[in-house]
Amino acid sequence: MKKGFTLIELLAVIVILAVIALIAVPLILSLVNKSRQKAAEESALFYVDTIENMLMINNIENTDGKIYKVKGKTVVDENNDVILNLDIKGDTPYNGVNNEIKINNGFVETANLRFNAYYVHYEMDMATKEFKTCTSQKGFLDKCDGTGSVIPSVPDEPKIESGATIEVAKDKTYLAEVYLDPTDISKKCTKEEALANVNEFGTPTLIKTGCMKWYVYKDDGKNYTMILDHNTSGNVVWNQESKNWTGTNPPPMKEVKDRLDQDTNDWEDIIKKTVRLLNADEVAEITGANRLDTLKWNSSKIYSSEKEPNSEIQIGWYYLDGKGSTYTEWKTGVAKQKCSSKYAWLYDYTSGCTDDRLSERGCCVSENKAYGGSGAIQGYWVDFSINADVSRAAIISYGGQLSFDVAYDFKRYGVRPVITVPKSMFS
């Protein structure tokens with residue numbers, strides 16, 4: 001005779017399991033939160049150590065008592081000029097708050113850096129060189145003595161009335177397509193209206209107003225970062241002064257930055273305050289050229305014009321749709337048919353799209369007369385400049401390459417804005 005469990009026995013087991021769950025789940029969540037908090041503190045300390053090392057290596061002076069902002073892997077001054085590029089892998093501070101440091105005598109005296117959900121406050125005693133860290137999930141603490149009051153954190157972005165529309169991408173190397181008028185975000189924008197804006201002019205180049213198409217390539221949980229599908233200007237040099245540049249750091253983007261500001265001057269403030277150029281390291285991240293099994297491309301490395309640079313310490317140009325672990329492999333385009341490159345969205349609407357020589361590059365515009373002839377636009381500038389035999393800056397070219405060109409001499413490149421907008425614009 002087979003004997004099973006009675007209903008009372010099954011209920012008893014369920015009750016016991018429920019009690020165990022009630023006890024275990026809070027303990028597990030507490031351990032997870034403590035682990036995340038510890039990781040945030042370690043990330044902040046790593047940033048502080050890196051900044052102090054870079055201050056010493058670059059012999060940067062006149063920083064005593066000054067406040068600087070930390071933006072991603074850079075430290076910028078009150079004019080938003082980069083004073084340090086940080087060679088850091090891993091998490092970067094959350095960009096929805098002001099991440100700030102105070103530098104004193106070559107040391108970071110105080111720092112407020114947010115990683116994930118944790119606001120990390122760091123402070124050093126300048127006399128003893130001892131430091132403390134403390135964290136909060138409500139906002140930055142003003143002291144690490146156990147009684148410090150919380151500095152109010154930046155509130156969540158209010159719900160924004162927006163006419164922008166979004167189409168989530170499937171099986172693409174970007175996340176979504178957005179149709180948005182940066183001069184009037186309340187204006188209803190559709191794919192059809194964006195295409196009509198293009199067709200009215202025959203080409204999207206130089207269009208700065210109206211419904212336009214954007215590609216979302218980053219989602220940090222709160223914001224979308226996206227790049228326009230065309231240049232707002234062309235024929236711009238990076239920095240004319242680069243020809244006689246004598247500074248210890250690479251020349252900044254000057255003329256191209258001025259043109260970017262002009263092109264976006266009429267855009268709404270919520271958009272305009274985030275306008276910038278695409279970063280070369282972002283391109284490497286998007287294309288997978290910085291994975292451990294590939295080139296490990298990183299702009300902190302030394303530029304080399306060699307056909308096959310030492311990828312451990314040097315960087316060179318590569319095709320966006322390349323792949324492999326050597327530069328020889330990455331300097332051969334993978335796309336075999338026109339428009340077949342997965343990264344054509346990053347270099348479409350540039351010169352040479354009808355050129356038979358580029359049939360394997362992926363550029364998809366069927367006719368692009370505005371780009372042809374003398375002074376044709378052949379790409380756009382990317383935010384990364386270097387010092388080599390001559391001052392050079394990074395570009396995305398019409399051939400689907402991340403490469404470099406002379407910063408002061410070539411006017412065949414344009415500006416292509418990148419913006420970061422709250423996801424609430426699309427709720």
Side-chain angles (χ1 to χ4, degrees), residues 21-52 65-78 80 86 88-104 107-126 128 130-162 218-225 269-271 273-274 420-427:
L22 286 173
I23 297 172
V25 169
L27 291 175
I28 294 171
L29 291 177
S30 177
L31 289 173
V32 170
N33 287 334
K34 287 181 179 179
S35 176
R36 289 175 176 171
Q37 179 179 340
K38 183 67 175 176
E41 291 177 350
E42 289 177 351
S43 295
L45 288 174
F46 185 52
Y47 258 74
V48 169
D49 287 343
T50 302
I51 290 169
E52 290 179 342
K66 292 183 179 179
I67 303 294
Y68 297 90
K69 294 187 184 301
V70 177
K71 292 188 175 182
K73 296 181 181 180
T74 63
V75 177
V76 302
D77 62 17
E78 68 274 9
N80 218 34
L86 307 176
I88 285 182
K89 295 180 175 63
D91 291 341
T92 57
Y94 175 67
N95 64 4
V97 299
N98 282 332
N99 296 285
E100 295 182 336
I101 61 171
K102 180 181 180 181
I103 298 176
N104 196 342
F107 291 91
V108 176
E109 184 174 0
T110 60
N112 285 327
L113 302 170
R114 178 180 170 183
F115 290 89
N116 299 317
Y118 291 94
Y119 298 80
V120 182
H121 175 73
Y122 167 96
E123 59 185 50
M124 172 183 280
D125 185 322
M126 293 303 295
T128 64
E130 294 180 352
F131 64 85
K132 300 177 182 177
T133 60
C134 46
T135 60
S136 170
Q137 288 187 287
K138 296 181 179 180
F140 291 118
L141 296 167
D142 57 10
K143 289 184 179 180
C144 288
D145 58 1
T147 60
S149 59
V150 171
I151 300 174
S153 59
V154 177
D156 291 334
E157 292 281 356
K159 195 168 184 176
I160 300 168
E161 295 296 329
S162 168
K218 184 178 181 180
D219 175 3
D220 66 7
K222 186 176 180 181
N223 303 289
Y224 287 134
T225 299
D269 286 344
I270 192 173
I271 303 292
K273 70 181 182 180
T274 70
T420 300
V421 298
K423 292 175 68 173
S424 57
M425 287 180 63
F426 307 98
S427 61

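Computed from a prediction, not measured in an experiment: that's the story for all the values here.
- Partners of Glu100 by salt bridge (charged side-chain N to carboxylate O under 4.0 Å, His left out), not counting sequence neighbours, listed by chain and number: Lys69.
- A donor-acceptor pair under 3.5 Å links the side-chain atoms of Glu52 to the main chain of Val108, judged by distance alone.
- Of all non-hydrogen atoms in Ser136 and Val150, the two that sit nearest each other are OG-CG2, 4.2 Å.
- Put simply, the side chain of Lys73 gets close to the backbone of Ile88: a donor and an acceptor are under 3.5 Å apart.
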Determine, step by step, whether Lys102 and Thr110 satisfy the side-chain contact (heavy atoms from CB on, under 4.5 Å) criterion, reporting the C-alpha distance in whole Å, the side-chain angles of both residues, the deciding distance to 0.1 Å, and the verdict.
CA-CA 5 Å; Lys102 180 181 180 181; Thr110 60; 3.2 Å; yes
One pair to check against side chain to side chain donor-acceptor pair (under 3.5 Å): Gln37 and Thr135. What are the steps and the verdict?
CA-CA 7 Å; Gln37 179 179 340; Thr135 60; 2.7 Å; yes
Begin with the C-alpha distance, continue with both residues' side-chain angles, and end with the deciding distance and a verdict on side-chain contact (heavy atoms from CB on, under 4.5 Å) for Val421 and Ile271.
CA-CA 7 Å; Val421 298; Ile271 303 292; 3.3 Å; yes
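- For the side chain to side chain contact (heavy atoms under 4.5 Å, CB included) with Phe131, the qualifying choice from Asp125, Leu45, Val48 is Leu45, the only one to do so.
- Tyr122 has its ring centre no less than 6.0 Å from the ring centre of Tyr47.
- Side-chain N or O atoms of Asn99 include one that pairs as donor or acceptor with a backbone N or O of Arg114 at under 3.5 Å.
- For the pair Ile101/Ile67, no side-chain contact is recorded, criterion being any heavy-atom separation below 4.5 Å from C-beta on.
- With rounding to the nearest 0.5 angstrom, the NZ atom of Lys66 is 6.5 Å from the CD atom of Glu78.
- Glu109 contributes atom CD, which lies 5.5 Å from atom CE of Met126 (distance to the nearest 0.5 angstrom).
- Considering every non-hydrogen atom in both Pro93 and Gly72, the closest pair reads CD-O, 3.8 Å.
- Checked by atom type and distance alone, the side chain of Asn104 never pairs as donor or acceptor with a backbone atom of Phe107 at under 3.5 Å.
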Test Tyr68 against Ile103 for side-chain contact (heavy atoms from CB on, under 4.5 Å), laying out the working first.
CA-CA 8 Å; Tyr68 297 90; Ile103 298 176; 3.7 Å; yes
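- Interatomic distance, CD of Glu41 versus CG of Leu113, reported as 12.0 Å (0.5 Å rounding).
- Residues Leu86 and Ile51 meet the side-chain proximity criterion, which asks for heavy atoms closer than 4.5 Å.
- Residues Val97 and Phe140 have side chains in contact (heavy-atom distance under 4.5 Å, counting atoms from C-beta outward).
- Residues Lys423 and Lys222 are not in side-chain contact: their nearest non-hydrogen atoms beyond the backbone lie 4.5 Å or more apart.
- In this structure, the side chain of Asn116 does not engage the main chain of Tyr118 through any donor-acceptor pair within 3.5 Å.
- No side-chain heavy atom of Lys38 sits less than 4.5 Å from a side-chain heavy atom of Lys34.
- Between Asn223 and Thr225, every side-chain heavy-atom pair lies at or beyond the 4.5 Å cut-off.
- At least one donor-acceptor pair closer than 3.5 Å links the side chain of His121 to the backbone N or O of Leu141.
- Just one residue in the list Asn80, Asn98, Thr92 forms a side chain to side chain donor-acceptor pair (under 3.5 Å) with Lys71, and that residue is Asn80.
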